[in-house]
Amino acid sequence: MDALDRKILSIISLNARIPFRDVAVQCGVSRAAVHQRVQKLFDDGVITGSGYHVNPKSIGYSTCTFVGLSLEKGSMYRQVVSKLNEIPEVVESHFTTGRYGMIIKLYARDNSHLMELINNQIQEIEGVTSTETLISLDQGFKKEVPIIATE
């Protein structure tokens with residue numbers, strides 16, 4: 001990845017809907033060059049997705065929650081992840097160091113829905129020995145990692 005790739009990434013990471021024509025103007029290259037570079041970034045796994053971000057509150061998910069999971073054994077991580085992935089409200093899963101074997105992020109419609117998810121689904125997964133729930137009161141910001149141009 002060269003400086004042009006990084007410049008393209010820095011532009012499209014701020015606005016995925018920006019026309020390639022506008023990116024090309026900012027980078028001083030042709031629209032075709034931008035298109036080819038972006039396609040290669042997809043092919044190389046640098047760009048892993050694109051699309052729209054939906055505000056969960058606007059579709060009825062008012063509670064954002066982080067849950068620490070303790071596992072019976074760390075080696076059970078993959079099977080636990082597989083089961084968590086079957087729960088649509090669980091949107092992120094991380095294998096971690098420290099107090100918990102895993103941290104997950106989920107959205108619930110309300111506290112009753114959250115309780116059902118934790119008690120009847122997450123805590124029922126084989127290998128999960130305990131959970132600790134942290135409810136997000138507000139999201140201060142969300143952003144992508146910085147893309148630093150190299151020369």
Is any side-chain heavy atom of I125 closer than 4.5 Å to one of V128? yes

With sequence neighbours left out, which residue pairs that include part of residues 10-38 fulfil the salt bridge (Lys or Arg N to Asp or Glu O under 4.0 Å) condition? D2-R37, D5-R37

Interatomic distance, I104 atom CD1 to N85 atom CG [nearest 0.5 angstrom]: 11.5 Å

To the nearest 0.5 Å, what is the distance between CD1 (I8) and CZ (F20)? 8.5 Å

Is the backbone of K7 close enough, under 3.5 Å, to the side chain of S10 for a donor and an acceptor to pair up by distance? yes

Just how far is it from atom CD of Q26 to atom CD1 of I18, taken to the nearest 0.5 Å? 5.0 Å

Transitive ILVMFWY side-chain link I87 to V81, under 4.5 Å: yes

With the side chain counted from C-beta on, respond yes when C27 and L4 share a heavy-atom pair under 4.5 Å apart, and no when they do not. yes

Ignoring hydrogens and geometry, is there a side-chain-to-backbone donor-acceptor pair from T129 to S70 under 3.5 Å? yes

Please check if L137 and F66 belong to a single hydrophobic cluster, counting links between Ile, Leu, Val, Met, Phe, Trp and Tyr side chain heavy atoms closer than 4.5 Å. no

Do V67 and L134 touch side chain to side chain, with heavy atoms closer than 4.5 Å? no

Is there a donor-acceptor pair closer than 3.5 Å between any side-chain N or O of S13 and the backbone N or O of L9? yes

Locate the shortest heavy-atom distance separating G45 from T48; write the atom from each residue and the value. O-CG2, 3.5 Å

Linking I/L/V/M/F/W/Y whenever any side-chain heavy atoms sit under 4.5 Å apart, do M115 and L84 land together? no

Could you check whether any side-chain N or O of K40 sits under 3.5 Å from a backbone N or O of H35, counting only pairs where one atom can act as donor and the other as acceptor? no

Just wondering, do K105 and C64 contact through their side chains at under 4.5 Å, heavy atoms? yes

If you measure from CG on L69 to OG on S93, what distance do you get to the nearest 0.5 Å? 7.5 Å

Parallel, tilted or perpendicular: which fits the ring planes of Y61 and H113, with parallel below 30° and perpendicular above 60°? tilted

Within-4.5 Å side-chain heavy-atom neighbours: E126 and M76: yes

How long is the gap from CG on L114 to OG1 on T133, to the nearest 0.5 Å? 6.0 Å

Keeping the roles fixed (side chain from D138, backbone from G140), state whether a donor-acceptor pair exists under 3.5 Å. no

Is V91 close to L106 at the side-chain level, that is, under 4.5 Å between some pair of heavy atoms? no

Side chain proximity check, I47 to I12, heavy atoms < 4.5 angstrom: yes

Closest heavy-atom pair, N55 versus S58, reported as atoms and distance to 0.1 Å, is O-OG, 2.6 Å

D43 versus Q39, side-chain donor and acceptor atoms under 3.5 Å: yes

Atom OG1 of T63 and atom CD of E89: how far apart are they, to the nearest 0.5 Å? 11.5 Å

Sub-3.5 Å donor-acceptor pair from the side chain of R6 to the main-chain atoms of I148, do we have one? yes

Under 4.5 Å between side-chain heavy atoms, hopping through other hydrophobics if needed: is there a path connecting I135 to I118? yes

Got more than 12 heavy atoms from elsewhere within 6.0 Å of CD, E92? yes

Does S62 reach the main-chain N or O of R109 with its side chain, forming a donor-acceptor pair under 3.5 Å? yes

Can you give me the closest heavy-atom contact between L117 and Y107, atom names plus distance? CD1-O, 4.0 Å

Close side-chain approach of M102 to H94, heavy-atom, < 4.5 Å: no

Transitively linked via ILVMFWY side-chain contacts under 4.5 Å: L14 with M1? no

